[in-house]
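Written out below as structure tokens is the structure these notes cover.
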Amino acid sequence: MTDVRQMTPEEEDRMIEDAFADVLNGYLRSNHRKKVEIIERAYRFAKEAHKGVRRRSGEPYILHPIAVAKIASQEIGLGSTSICAALLHDVVEDTDFTVEDIEQHFGHKIACLVEGLTKISGGIFGDKASAQAENFRKLLLTMSEDIRVVLVKMADRLHNMRTLGSMAPNKQYKIAGETLYIYAPLAHRLGLFAIKTELEDLAFKYEHPKTYETISRKIAESEAKRSAVYTDFSLPIKEKLDSLGLKYEAKARLKSVYSIWNKMETKHVPFEEVYDLYAMRIVFDCDDPAREKTICWNIYAAITDLYRLHPERTRDWISTPKANGYQALHLTVMGPDGNWVEVQIRSRRMDEIAEKGFAAHWKYKIGEGDEESELNAWLRTIKDILDNPEPSAIDFLDTVKLNLFASEIVVFTPKGELITLPAGATVLDVAFALHSEIGMHCIAGKVNHKLVPLSSRLDSGDQVEILTSQSQSPQPEWADFLVTAHAKTRLRAALRKMRQPIMARGRELLREWLAENNIPDTNAVISKIIGTYHVPNRDELCYQLGNEEIMLGDFLVKALRKPAEASGKTGIIGKILRIGKKKSDVPTVAGGDNLPAINPKEIYTLRCDDRGNANFCTSDCCTPIPGDDTLGFITDAGKMEIHSLDCPRAQLLKAGYGPRIVATRWENAGAKFMVRLHIEGIDRHGILQELTNMISTHLAIDIRKLDIEASAEVFSCDLWVRVVSAEAVDDLIARILSIDGVKSATRIQ
């Protein structure tokens, strides 16, 4: 390749003109309406706008928009509007021209696409090339208005990845990681299979260069052997198809480097043991779409006459296309070398849609068919998510990815209607998919005529009936098992609506309290109150006040009026503890200790007797017992609450409530504490009796509860016992592990 830095201006200009001519010739070969004049104008405009600007590689910058236009036209199949937008996509971002200038010269549609692309642009020198979650949010927002924005963006990203070698290594790693995380899965969801595969391979090449080189070398070295195996396998199939009089193309499709590596990683096998390195693809010509399905099954029958079929690996994507529009018939058969080979059967139309995604639908003028309806349904989901102002950009990205890139299942309503959902979807997801109101009032479901709870996960082919009740209302815990972004968004909105009356009550309580104590409602005052109660914002403060989770005490009045009081009894610990109006109002815990006398600089002794009297309380996040490392926390109610040091809440308390943390030590007077153990092992006759006998008889430990489950040759057991200390637990676990067949025994906190 000629070094552009050694070219004369004339040679450089000729190279640019040749590159544009290549774009134009490709467009003229397509079946789009031939709007050559506007494309040429867009090219001249962009060339002049980027005049004198160069990429990191040293080449003229205009070559990048030309390359993006070529990908958009020839690899995705877009028309003149998108080609013009691709040529102009960096003009507004990187020059003095505005969107209004674009609209004046090229009209509203092209200007809208350029504006959408400008919102998500990464800058010509790559300084802003990593589109963080907020950028991705903008991409989806514009995409929900015009799908062509994201298709041109895909072309832009693909060319950036193809020329990533000129970037600094840290930028390469950053952009490659983002491509693998966002753009490749998004290309898959849009049906851009060829682009998705290339993006994955290029990203992998820059993230793991040595591994990429090793796998590429092994692919090349094994090519001759692989070719011979494919010839042996395909020859009988071709003879059979020829006898049927079909016009077709048959070829071996080699797995990409990235997908081979993925298989090696997930299956924990070396390259030599990845047997399904290739699949056979049969693409037949058919002028009548109504005959495509019949021809697919005729080819299927011909192949299964020759080779043994794998009964569980037939995929009919013709009757029920994937949500990205993909259609094909897949089967897996045993090849002559004893290895399974996948065969993909498609018509020419299906093949183009599989490679180019939804853009190919325009070529075939499918219009508002099933596949495009799927896309529009998906775009509506994106709008639902974007309309929700609550989540942070990162939470938003996780929610979208959950719905966007999951593999899919298809379930049926009692009337036989198909619903496509992400894998792992539940009965409640189906309820929300049918209608938001059905989701809000769903109480249970019937899956294949069997009554199941809301959280039941579904499999492809399940028939699902939803049961509702007007007395049912949305519950926060539903979020734990909802999978679809649509359902999660609707649930969040409903919960926010339900919180409004409680928040209004809290706002009124806050207003009254501030007025009674003659404290102004300023940002500084509210910030101090929010900081004291460690809530994220004013709305959450009002909600917790309205829900009676927190109370506004007298200590706050003094803290707000005199923020710089001296330490000691009027210091922060004193303020926090004097919640009541007089000293006698300060609550105490069992044992009669008056907690305001606690000196936070001294170690607090934890006492508990065999009658259950204690000078501390525990929370439900952890269950420390004597011998465990603990810390004490003085609650808003003035109680001493203890936590294990490794409890996640203890980490939060240490970070946010430093003055209320107290060091502790144990002084146990014979009290016993409930402890839960989880035991797993190989099942055998008499093992349970041996376990319980050893605990209750030889160790004299009280067993309070026992749950045991055996499946085939293994068992798991949850055991609740009463012990005096952590040392006794350690001794018990050691003895349990000595029983023949027990493989693990752990304490569950």
Side-chain angles (χ1 to χ4, degrees), residues 265-270 273 310-313 338 340 409 423-424 426-427 444-462 477 480-481 608 610 612 618 620-629 644 646-648 666 668 670-749:
E265 288 292 298
T266 53
K267 299 286 185 183
H268 306 291
V269 294
E273 290 181 28
H310 192 304
E312 295 176 4
R313 285 169 64 177
W340 294 106
I409 61 171
T426 62
V427 168
K446 283 187 177 179
V447 176
N448 305 324
H449 309 292
K450 182 183 176 184
L451 191 65
V452 296
L454 294 178
S455 56
S456 293
R457 302 208 178 274
L458 303 170
D459 296 316
S460 255
D462 282 345
E477 57 268 22
D480 296 337
F481 54 80
C608 183
D610 56 2
T618 58
D620 56 4
C621 53
C622 62
T623 51
I625 63 175
D628 287 337
D629 292 330
S644 298
D646 55 0
C647 164
W666 289 97
N668 188 21
K672 289 189 175 182
F673 297 82
M674 188 77 80
V675 168
R676 177 185 171 194
L677 304 179
H678 182 73
I679 305 163
E680 293 180 353
I682 307 300
D683 195 19
R684 62 174 171 81
H685 181 70
I687 192 168
L688 178 60
Q689 184 180 358
E690 191 175 332
L691 176 66
T692 54
N693 189 48
M694 184 263 286
I695 295 171
S696 57
T697 306
H698 297 293
L699 299 178
I701 291 174
D702 297 335
I703 297 176
R704 282 289 180 259
K705 185 179 176 184
L706 178 68
D707 280 347
I708 190 162
E709 183 178 348
S711 176
E713 292 81 26
V714 299
F715 79 92
S716 64
C717 166
D718 282 326
L719 177 70
W720 284 261
V721 294
R722 281 165 51 81
V723 295
V724 293
S725 67
E727 187 180 345
V729 176
D730 293 339
D731 180 56
L732 175 58
I733 287 174
R735 290 173 181 264
I736 291 172
L737 288 170
S738 70
I739 297 174
D740 183 32
V742 173
K743 298 300 180 185
S744 70
T746 53
R747 176 182 166 193
I748 306 296
Q749 283 274 36

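Values in this document were obtained by computation on a predicted structure and should not be read as measured data.
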Is [Y] close to [X] at the side-chain level, that is, under 4.5 Å between some pair of heavy atoms?
X	Y	answer
Leu691	Ile687	no
Leu732	Val675	no
Ile703	Val721	yes
Val427	Pro453	no
Arg684	Asp740	yes
Phe673	Cys608	yes

What's the shortest heavy-atom distance between [X] and [Y], and which atoms?
X	Y	answer
Met674	Trp720	SD-CB, 4.0 Å
Ile701	Arg722	CG2-O, 3.6 Å
Ala728	Val723	CB-CB, 4.3 Å
Met694	Ile739	CE-CD1, 3.6 Å
Glu680	Ser716	CG-CB, 4.0 Å
Asp628	Thr623	OD2-O, 4.3 Å

**Request:** Could you walk me through whether Val729 and Leu677 pass side-chain contact (heavy atoms from CB on, under 4.5 Å), step by step?
**Result:** CA-CA 9 Å; Val729 176; Leu677 304 179; 4.1 Å; yes
Measuring from atom [atom1] of [X] to atom [atom2] of [Y], what distance do you get when rounded to the nearest 0.5 angstrom?
X	Y	atom1	atom2	value
Ile733	Ile679	CD1	CD1	8.5 Å
Asp683	Ile708	CG	CD1	7.0 Å
Asp702	Ile695	CG	CD1	11.5 Å
Arg676	Leu719	CZ	CG	10.5 Å

**Neighbour count >12 (heavy atoms, 6.0 Å) for atom CD, Glu709** =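 No, CD of Glu709 has 12 or fewer neighbouring heavy atoms, counting only those of other groups under 6.0 Å.
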**Asked** Is the count of non-hydrogen atoms from other residues, nucleotides or ligands lying under 6.0 Å from Glu690 atom CD greater than 12?
**Response**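 Yes.
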